[in-house]
**Q** 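Below: one structure in structure tokens.
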Amino acid sequence: PPAAGWQEVGFDDSQWKEGNGGFGTKGTPGARIGTRWASKVIWLRKSFELKDVLSQPAILIHHDEDAQVYLNGRKVADLSGFTSAYQVVRINPQDADVIRAGQMLMAVHCKQTTGGQFIDAHLIDARHV
């Protein structure tokens, strides 16, 4: 596991491995594998530039199994179980203030216990999936 604060903006991830999303194993229903992930847990971080504030912020996610999603250090989704396709998870209005134009960080943790495994997550506007 990474050091405490791994989901925070200032965390030094310069020694982390890099790969293309989604992460998982072949044969997982609905999965589009970019990088093989076959261990029990995975921690992911991605920095990106958000040009405009989203009117209906949501996470487009496919997870197998339990997943937590953080934006700029705040947990905005805590999902249990698995999905066999991408789903839209709206961000609660009380968490929407963390989403702002400019530099953003998405951090994701996913845990695997049995069967197929996969994780892929994107920040979207729910009006334009």
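All values derive from a computational prediction rather than experimental measurement.
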**Q** Do Met106 and Ile59 have side-chain heavy atoms sitting under 4.5 Å apart?
**A** yes

**Q** Would you say the side-chain atoms of Ser84 pair up with the backbone N or O of Gly30, donor to acceptor, closer than 3.5 Å?
**A** no

**Q** Rounded to the nearest 0.5 Å, what separates atom CG in Asp66 from atom CD in Gln112?
**A** 9.5 Å

**Q** Where do Ile119 and Ala67 come nearest, in terms of heavy atoms and distance?
**A** CD1-CB, 4.0 Å

**Q** Counting N and O atoms only, with roles assigned by atom type, does the side chain of Asp12 sit under 3.5 Å from a partner on the main chain of Ser14, one being a donor and the other an acceptor?
**A** yes

**Q** Can Glu65 and Thr114 be said to form a side chain to side chain contact (heavy atoms under 4.5 Å, CB included), step by step?
**A** CA-CA 8 Å; Glu65 292 168 42; Thr114 186; 4.0 Å; yes

**Q** Could you tell me the separation between the CG atom of Leu123 and the NZ atom of Lys46, rounded to the nearest 0.5 Å?
**A** 11.5 Å

**Q** Is the backbone N or O of Gln56 less than 3.5 Å from a side-chain atom of Arg127, with the two atoms forming a donor-acceptor pair by type?
**A** no

**Q** Is there a donor-acceptor contact under 3.5 Å linking the side chains of Ser39 and Trp37?
**A** yes

**Q** Does one hydrophobic cluster hold both Ile42 and Val69, with members joined at side-chain heavy-atom distances below 4.5 Å?
**A** yes

**Q** Between Arg100 and Leu50 (side chain of the first, backbone of the second, donor and acceptor by atom type, cut-off under 3.5 Å), is there such a pair?
**A** no

**Q** Looking at CG of Leu60 and CD1 of Ile124, how far apart are the two atoms once the value is rounded to the nearest 0.5 Å?
**A** 5.0 Å

**Q** Would you find a donor on one side and an acceptor on the other, under 3.5 Å apart, between the side chain of Thr35 and the backbone of Asn20?
**A** yes

**Q** Applying a strict under-4.5 Å side-chain criterion to I, L, V, M, F, W and Y, I'd like to know whether Phe48 and Ile61 cluster together.
**A** yes

**Q** Which label fits Phe11 and Trp16: parallel for a plane angle under 30°, tilted from 30 to 60°, or perpendicular past 60°?
**A** perpendicular

**Q** Hydrophobic clustering (ILVMFWY, side-chain heavy atoms < 4.5 Å, transitive) - are Met104 and Val98 grouped together?
**A** yes

**Q** Closest approach of Ala101 and Val53, non-hydrogen atoms and distance?
**A** N-CG2, 3.7 Å

**Q** To the nearest 0.5 Å, what is the distance between CG on Asp125 and CD1 on Ile99?
**A** 9.5 Å

**Q** Over all heavy atoms of both residues, which pair between Gly24 and Ile33 is shortest? Give the atoms and the distance, please.
**A** C-CD1, 3.5 Å

**Q** Are Leu79 and Val76 connected into the same hydrophobic cluster when the rule is that any two of I, L, V, M, F, W, Y join if their side-chain heavy atoms are below 4.5 Å apart?
**A** yes

**Q** Report the distance from atom OG1 of Thr83 to atom NE2 of His63, rounding to the nearest 0.5 Å.
**A** 4.5 Å

**Q** Pair Asp120, His122 - check side-chain hydrogen bond (donor to acceptor under 3.5 Å, both in side chains), show working.
**A** CA-CA 7 Å; Asp120 193 19; His122 306 271; 3.2 Å; yes

**Q** Please report the interatomic distance NZ(Lys111) to OG(Ser80), rounded to the nearest 0.5 Å.
**A** 9.5 Å

**Q** Decide side chain to side chain contact (heavy atoms under 4.5 Å, CB included) for Glu49 and Gln103; before the verdict, give the C-alpha distance in whole Å, the side-chain angles of both, and the deciding distance to 0.1 Å.
**A** CA-CA 5 Å; Glu49 183 79 18; Gln103 193 66 26; 3.3 Å; yes

**Q** For Lys75, what residues pass the salt bridge (charged side-chain N to carboxylate O under 4.0 Å, His left out) criterion, not counting sequence neighbours?
**A** Asp78

**Q** Partners of Arg74 by salt bridge (charged side-chain N to carboxylate O under 4.0 Å, His left out), sequence neighbours excluded?
**A** Asp95, Asp97

**Q** Is Leu44 reachable from Val41 through a run of I, L, V, M, F, W or Y residues, each pair having side-chain heavy atoms under 4.5 Å apart?
**A** no

**Q** Just checking Phe82: does its CZ atom have more than 12 heavy atoms from other residues, nucleotides or ligands closer to it than 6.0 angstrom?
**A** no

**Q** Please find out if less than 6.0 Å separates the ring center of Trp43 from that of Tyr70.
**A** no

**Q** Give the C-alpha distance, both sets of side-chain angles, the deciding distance and a yes or no for side chain to side chain contact (heavy atoms under 4.5 Å, CB included) between Gln117 and Lys40.
**A** CA-CA 9 Å; Gln117 64 190 83; Lys40 293 290 183 191; over 6 Å; no

**Q** Which heavy-atom pair separates Ile91 from Ala96 by the least distance, and what is that distance?
**A** CG2-N, 4.3 Å

**Q** Is the shortest heavy-atom distance from the side chain of Arg36 to the side chain of Lys26 under 4.5 Å?
**A** no

